[in-house]
Amino acid sequence: MYDFKEIEEKWQKRWEDAKCFEAKNASDKEKYYLLVEFPYPSGSGLHVGHVRSYTALDAMARIKRMRGYNVLFPMGFDAFGAPAEQYAIKNHVYPANMVKDCIKTFRSQMKKLGFSFDWSREFATTDPEYYKWTQWQFLQFYKAGLAYKAEKEINWCPNCLTGLSNEDAEGGICERCGSKTEKKLKSQWMLKMSSYADKLLAGLDKTDFMDKIKIAQINWIGRSEGAEVDFKIDGEEDTLKVFTTRPDTLYGVTFMVMSPEHKYLEKYESKIKNLDEVKKYQEYAKSKTEIERTDLTREKTGVKLEGFEVINPVNDEKIEVWISDYVLANYGTGAIMAVPAHDERDFEFATKFNIPIIPVIEGGDTTKEAYTGDGKMINSGKFNGITNKKEAISKMIEYLEEKGVGEKKINYRLQDWIFSRQRFWGEPIPMIYCEKCGWVPVPEEELPLILPDVPSYEPTETGESPLANVTDWVNCKCPKCGSDAKRETDTMPNWAGSSWYWLRFMDPHNDKCFASMDALKYWGMVDYYNGGMEHATRHLLYARFWHEFLYDQGLVPTEEPFKKRVSHGMILGENGEKMSKSRGNVVNPDDMMNAYGADALRTYEMFIGDYAKDASWSENGLKGCKRFLDKIYRLKDKVNDKEEYTKDLEILINKTIKKVEEDINTMNYNTAVSALMILSNEYDKLDSITRKDYRTILHLLNPIAPHITEELNEMLNLGPAFYESTFPEYDENKITFDKVNIACSVNGKLRATIEVDMDTPKEELLRLAKEQENVIKHIEGKEIVKEIVVPNKIVNIVVK
RNA sequence: GCAGGUGUGGCGAAAUUGGCAGACGCACUAGACUUAGGAUCUAGCGGAGCAAUCCAUGGGGGUUCAAGUCCCUUCACCUGCACCA
């Protein structure tokens with residue numbers, strides 16, 4: 001019938017030549033910034049899931065442009081990270097070349113799909129011109145005291161002799177060889193994200209994220225209010241500090257638990273009488289994989305410290321101290337006060353090791369289980385009798401503060417960001433270590449610090465980055481004192497490059513700064529940011545943290561980077577499972593485009609279902625959408641030479657205009673498509689349609705299926721190309737029919753429908769309803785109890 | 001365990017937010033046109049029933065003239081987080 005390939009290529013070229021999708025950094029038009037997460041250019045090419053979100057935002061971008069906005073809709077590539085590195089290790093090639101090839105494939109696929117990205121702004125995070133600024137920004141963190149070195153555990157595979165990312169060591173098992181991974185202490189660069197915890201929480205109020213995304217962020221930050229309490233170590237001046245959310249239960253403390261990694265175990269080694277046993281337990285805890293350690297069904301284990309006791313600050317009683325791996329080293333102070341009567345985990349522990357349980361709040365049976373509910377305080381000295389938990393907590397904190405043995409404290413689950421990777425394929429961290437001066441930043445004018453090629457891409461045997469083997473790169477002079485020094489060989493994590501990329505899109509070719517203040521001010525916040533739900537926590541937090549930091553440094557004009565964040569559901573295989581090579585259910589967008597065309601693929605992915613939900617692929621569904629486009633094409637033969645709407649279609653057309661724009665702006669793409677299908681069905685019923693009828697449906701469909709609609713519009717010479725036209729407006733006066741169907745029911749059951757004039761008065765509706773044969777049948781001989789009339793909707797007669 | 005979400009025909013889903021459940025599409029059935037159909041057109045398509053009608057939105061209960069929609073309860077599945085003190 002028509003050659004969609006030829007049509008698609010023609011229009012793609014036309015758009016490119018016209019540069020109609022290139023955003024201007026200075027414009028009288030109102031700006032609109034649409035951002036969709038840039039992809040990782042993997043070797044397997046674009047996924048049909050990419051097509052879904054890109055089409056969705058493309059449709060929005062096209063509508064916004066046709067509504068007169070200066071739209072920024074950019075695309076780039078996030079190309080540092082594991083997959084390219086794995087490929088490099090396997091094939092002994094420099095990853096940059098492979099990345100280049102993959103990007104080429106991705107770009108060409110996206111162009112074939114007709115996305116209206118502004119390609120003039122494209123970049124990859126691996127471009128030295130880009131990572132120069134990633135490095136520069138890292139130095140700003142350093143200068144502000146927010147980047148520091150600390151001993152942190154990494155996942156270490158004793159078999160491969162290599163450090164692994166959390167992803168590669170999932171569940172404590174080395175992905176490559178299957179052996180159990182260990183924890184190994186390594187000095188790593190950290191970013192002080194924890195100091196932004198409150199800002200990250202408060203900043204959410206300035207955004208319009210989907211609720212579930214806000215909640216995910218809030219949970220991840222994990223703010224919890226409580227108190228820090230000092231327990232004096234018996235026989236020492238030192239105190240053991242714990243964090244608790246339940247200071248009101250202090251009188252119920254019967255033991256303390258420290259994590260096996262707690263620093264006091266070393267400090268007070270000489271005090272501990274059963275040191276051998278303790279050391280053995282520490283070894284045991286270390287050998288546990290992440291999964292084993294966090295397995296809730298696992299029985300509690302632990303060792304009591306002999307000769308090491310603390311004093312309860314509220315009643316001066318001596319308390320035994322244990323170590324157990326159920327207490328985490330990296331949360332709170334790494335030690336807890338245990339109140340078995342009112343905490344489930346402490347209860348479990350106390351029961352197992354026969355430790356006394358003292359209830360301090362009335363309620364429940366604390367010989368059987370921990371009571372975590374509310375109640376009257378008992379066994380708590382002067383606090384006895386308080387029934388309100390909130391009051392009890394604040395009174396206790398007041399008391400602790402008075403005595404100088406504790407204070408109010410807010411804790412966060414959110415931790416500092418481990419910013420080092422012992423990996424090759426990442427941005428080099430621009431720091432130099434000098435014996436005399438310590439850590440010295442690479443001078444800014446020497447950036448970018450180029451990532452050199454190396455003889456081997458695998459991490460070294462000591463767990464260092466392969467860069468450590470490039471001696472003439474590592475060895476350098478200290479920028480401060482000029483003596484021999486060494487470069488940091490760790491690289492940045494994958495997340496670094498994607499933590500500010502939306503800013504670079506605003507001014508991608510700037511070589512003086514990461515983006516000019518003018519550009520940053522003009523584009524402001526990203527208006528609409530779309531990405532996968534899997535990035536709702538980490539990426540989004542890193543990006544917001546990074547941005548908030550830049551704001552505090554006066555480097556960006558807005559506190560928050562993204563106004564609205566939305567996420568799309570996955571496209572699953574035809575069998576309802578996640579698409580993967582091993583499951584053999586992968587659908588290649590190229591194959592679909594070749595068989596049905598880009599427009600059909602785009603239309604189908606918009607029609608597939610609720611945008612926010614997962615959806616299973618169906619090639620038959622795609623065929624159906626192709627048929628719909630074919631029908632649109634065939635309708636051209638019905639076009640007459642009239643220039644106004646067909647009278648009978650006018651209302652439906654106006655309604656459809658309204659619905660399509662609203663639906664696309666609210667992510668209800670599926671109903672936008674279905675509205676257009678309904679309209680096309682109505683057109684099809686008529687012998688002829690007008691030029692305006694036809695141009696309008698093409699125009700409405702254009703954001704979703706841009707090629708075929710442009711072609712038909714031009715073929716019939718209906719008007720200027722859509723990319724340079726204004727989107728149709730609906731007439732508010734013509735979106736309601738003058739006739740309306742009224743449901744007539746008896747006792748809530750539908751008995752008849754009547755067609756009446758819009759806004760027919762109540763009395764008239766009731767009278768008409770009662771004339772209906774089937775209504776009469778059901779009310780005859782019965783007593784009418786109630787009559788409900790809702791104008792333009794329904795009549796309900798209640799009988800007995 | 002906690003948090004969030006979902007549950008409607010054979011399938012993907014709609015439902016103006018309390019007012020005719022199943023729009024639109026797929027699959028399927030019958031027919032038309034055709035050398036042919038993976039094209040197009042016509043008709044049908046939740047279940048039961050010849051029909052009037054009855055039953056149906058995971059299950060149970062409630063509010064209401066009226067419930068897919070609100071409330072209570074229960075089950076199932078999905079996604080995060082998970083011994084966070």
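These numbers come from the heavy atoms of this one structure, side chains and all, not from hydrogens, waters or symmetry mates. Just so we're on the same page: letters track the sequence lines, and every chain starts at 1.
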Which base, if any, makes a Watson-Crick or G-U wobble pair with [N], both distances under 3.5 Å?
N	answer
B/U69	none
B/G7	B/C75
B/A85	none
B/C41	B/G31

Is B/G9 in the syn range, within 90° of 0, or in the anti range?
-> syn
Would you classify B/U17 as syn or anti? Syn applies when the glycosidic angle is within 90° of 0.
->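 In terms of base orientation relative to the sugar, B/U17 is syn.
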Pairwise [atom1] distance for [N] and [M], with rounding to whole Å:
N	M	atom1	value
B/G68	B/C77	P	26 Å
B/G38	B/G58	P	38 Å
B/G10	B/C28	C1'	8 Å
B/C33	B/U42	C1'	11 Å
B/C72	B/G80	C1'	27 Å
B/A3	B/A85	P	14 Å
B/U79	B/C71	C1'	27 Å
B/U53	B/A14	P	31 Å

Sequence neighbours left out, what passes salt bridge (Lys or Arg N to Asp or Glu O under 4.0 Å) with [X]? Give chain and number order.
X	value
A/Arg544	A/Glu548, A/Glu560
A/Arg223	A/Asp198, A/Glu225
A/Asp731	A/Lys734
A/Glu682	A/Lys685

Indicate the ring-plane relationship of A/His535 and A/His539, choosing parallel, tilted or perpendicular according to the 30° and 60° boundaries.
-> perpendicular
Please work out whether the ring planes of A/Trp617 and A/Tyr604 are parallel, tilted or perpendicular, with thresholds of 30° and 60°.
->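 It falls in the perpendicular class, over 60°.
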If you compare all heavy atoms of [X] against all heavy atoms of [Y], which two are closest, and at what distance to 0.1 Å?
X	Y	answer
A/Tyr264	A/Thr239	OH-O, 2.6 Å
A/Arg52	A/Gly569	NH1-O, 2.8 Å
A/Lys638	A/Leu686	NZ-O, 2.9 Å

How would you list all residue pairs meeting side-chain hydrogen bond (donor to acceptor under 3.5 Å, both in side chains) that involve residues 659-669 of chain A, not counting sequence neighbours?
-> A/Arg67-A/Glu661, A/Lys659-A/Asp663, A/Asp663-A/Thr671, A/Thr666-A/Asn668
Table of protein N/O atoms under 3.5 Å from nucleotides 50-57 of chain B N/O atoms:
{"residue": "B/A52", "atom": "O2'", "partner": "A/Lys777", "partner atom": "NZ", "Å": "2.9"}
{"residue": "B/U53", "atom": "OP1", "partner": "A/Asn774", "partner atom": "OD1", "Å": "3.2"}
{"residue": "B/U53", "atom": "OP1", "partner": "A/Asn774", "partner atom": "ND2", "Å": "3.2"}
{"residue": "B/C54", "atom": "OP1", "partner": "A/Arg751", "partner atom": "NH2", "Å": "3.0"}
{"residue": "B/C54", "atom": "OP2", "partner": "A/Arg751", "partner atom": "NH1", "Å": "3.3"}

Roughly how many Å is it from [atom1] in [X] to [atom2] in [N], rounded to a whole number?
X	N	atom1	atom2	result
A/Tyr412	B/A85	OH	P	13 Å
A/Arg413	B/G80	CZ	C1'	10 Å
A/Glu682	B/A23	CD	C1'	12 Å
A/His535	B/C81	NE2	C1'	17 Å
A/Lys409	B/A85	NZ	C1'	14 Å
A/Met210	B/G80	CE	P	15 Å
A/Phe628	B/A23	CZ	P	17 Å
A/Ile697	B/C24	CD1	P	14 Å

A/Asn681 vs A/Ile742, nearer the 5' end of RNA chain B by closest nucleotide |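 Here A/Ile742 is the residue nearer the 5' end.
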Toward the 5' end of RNA chain B, which comes first, A/Asn330 or A/Gly621, by nearest nucleotide?
->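 The answer here is A/Gly621.
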N/O contacts under 3.5 Å, protein versus nucleotides 10-17 of chain B?
{"residue": "B/G12", "atom": "O2'", "partner": "A/Ile608", "partner atom": "O", "Å": "2.5"}
{"residue": "B/A13", "atom": "O3'", "partner": "A/Asn670", "partner atom": "ND2", "Å": "3.4"}
{"residue": "B/A14", "atom": "OP1", "partner": "A/Asn670", "partner atom": "ND2", "Å": "2.9"}

Report which part of the nucleic acid A/Thr753 touches: base, sugar-phosphate, or nothing (heavy-atom distance under 4.0 Å, all strands).
-> base
At under 4.0 Å between heavy atoms, what does A/Gly624 touch on the DNA or RNA strands: base, sugar-phosphate, or nothing?
-> sugar-phosphate
Any A/Ser618 side-chain N or O less than 4.0 Å from OP1/OP2 of B/A27 =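 So the side-chain polar atoms of A/Ser618 never come under 4.0 Å of the phosphate oxygens OP1 or OP2 of B/A27.
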Return the polar atom pairs (N/O with N/O) between nucleotides 60-69 of chain B and the protein under 3.5 Å, or none.
{"residue": "B/C65", "atom": "OP1", "partner": "A/Lys786", "partner atom": "NZ", "Å": "2.9"}
{"residue": "B/C65", "atom": "O2'", "partner": "A/Asn796", "partner atom": "ND2", "Å": "3.0"}
{"residue": "B/C65", "atom": "O2", "partner": "A/Asn796", "partner atom": "ND2", "Å": "2.7"}

ring-ring contact (aromatic ring centres under 6.0 Å, His included) filter on A/Phe545, not counting sequence neighbours, yields A/Phe141, A/Tyr196
Is the backbone N or O of A/Ile708 less than 3.5 Å from a side-chain atom of A/Asp599, with the two atoms forming a donor-acceptor pair by type?
-> yes
Show your working on side-chain hydrogen bond (donor to acceptor under 3.5 Å, both in side chains) between A/Asn796 and A/Ser745 and close with a plain yes or no.
-> CA-CA 5 Å; A/Asn796 189 21; A/Ser745 53; 3.2 Å; yes
Could you work out which one of B/A3, B/C83, B/G4 sits closest to the side chain of A/Tyr326?
->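 When the side chain of A/Tyr326 is considered, B/C83 is the closest of B/A3, B/C83, B/G4.
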Any luck finding a side-chain donor-acceptor pair between A/Tyr281 and A/Thr301 under 3.5 Å?
->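 Distance-only check passes for A/Tyr281 and A/Thr301.
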In chain order, what residues pass the side-chain contact (heavy atoms from CB on, under 4.5 Å) check against A/Val799, with sequence neighbours excluded?
->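 In terms of side-chain contact (heavy atoms from CB on, under 4.5 Å), with neighbours along the sequence ignored, A/Val799 is linked to A/Val746, A/Asn747, A/Ile779, A/Lys782, A/Ile784, A/Ile797.
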Can you check nucleotides 36-44 of chain B for protein contacts, nitrogen or oxygen pairs under 3.5 Å, and list what you find?
{"residue": "B/A39", "atom": "OP1", "partner": "A/Arg627", "partner atom": "NH1", "Å": "3.2"}

Which residues share a side chain to side chain donor-acceptor pair (under 3.5 Å) with A/Glu344, sequence neighbours left out = none
